[in-house]
Amino acid sequence: HDDPATLLRPAAGAGAAAGTADGARASETGAIPSGAPGLTFLQALHGRHFWFMAVGLFSCSGMMTALITNAVPLLQENGNGASAAALVASVFGIAVVVGRVAVGGLIDRYWGPMVGAALIFPAALAVVALASFSPGIGPSALIVFVAGLAAGAVFFKVASLAASYSGLHAFALLVAVPYAVLALG
């Protein structure tokens, strides 16, 4: 159930059905009524989805941080000039923007976790390739672009996954904690 539009509607029978005072107030203000469907924060902590997301975000964030901080020195070590290495590093930022826009469109059409996996796994392999081999500027730029797409996807997916798997009842905490884990990574 990845349709964000249906996630924002109050659930029927939850005390905030359409036509009730809470439902009318929620539709006017955009606020989520107190009876919003979903798990409490503690219930989500006991579920596997929250922990899969937390471990995945921590790992992806570590990969992105390692790439961003080490790409230019690694490329320079392999005999590339500073300006060429900086150009390759700038490709990462462009790819992050493209990744955010592309993922937004893709998760509207396809299952969110599969979209994330389709971007994250190639990015992990790309980072290993960059660290293990001495690719030239062109292949390095492609590797960094693939990793940047994944980075853009990761930031975008947190709220979508939290809403999809845990609902809106404790949405603020279920988004804030994974973002904190992302920052720790």
Whether the side chain of N80 engages the backbone of L75 through a donor-acceptor N/O pair (distance < 3.5 Å, no angle test) should be reported.
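Side chain of N80 to backbone of L75, a donor-acceptor pair under 3.5 Å: yes, one is there.
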Let me check something: do [X] and [Y] share a hydrophobic cluster, defined by ILVMFWY side-chain heavy atoms less than 4.5 Å apart, either directly or through other members?
X: L74; Y: V88; value: yes
X: I120; Y: L125; value: no
X: L168; Y: M53; value: yes

Got a list of side-chain donor-acceptor pairs under 3.5 Å for residues 37-48, not counting sequence neighbours?
residue: T40; atom: OG1; partner: Q43; partner atom: N; Å: 3.1
residue: T40; atom: OG1; partner: Q43; partner atom: OE1; Å: 3.4
residue: Q43; atom: OE1; partner: T40; partner atom: N; Å: 2.7

Of all residues at least two apart in sequence or in a different chain, which pass the side-chain contact (heavy atoms from CB on, under 4.5 Å) check with L106?
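L106 satisfies side-chain contact (heavy atoms from CB on, under 4.5 Å) with Y110, V115 only.
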Which heavy-atom pair separates A85 from Q76 by the least distance, and what is that distance?
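Closest pair (atom of A85, atom of Q76, distance): CB-CG, 4.1 Å.
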Report all side-chain donor-acceptor pairs from residues 140-151 shorter than 3.5 Å, counting only partners two or more places apart or in another chain.
residue: S140; atom: OG; partner: P135; partner atom: O; Å: 3.4
residue: S140; atom: OG; partner: G136; partner atom: O; Å: 2.7

In residues 54-72, what donor-acceptor pairs under 3.5 Å come from side-chain atoms, sequence neighbours left out?
residue: S59; atom: OG; partner: V55; partner atom: O; Å: 2.9
residue: S61; atom: OG; partner: L182; partner atom: O; Å: 2.5
residue: T65; atom: OG1; partner: S61; partner atom: O; Å: 2.9
residue: T69; atom: OG1; partner: T65; partner atom: O; Å: 2.8
residue: T69; atom: OG1; partner: A66; partner atom: O; Å: 3.4
residue: N70; atom: ND2; partner: A66; partner atom: O; Å: 2.9

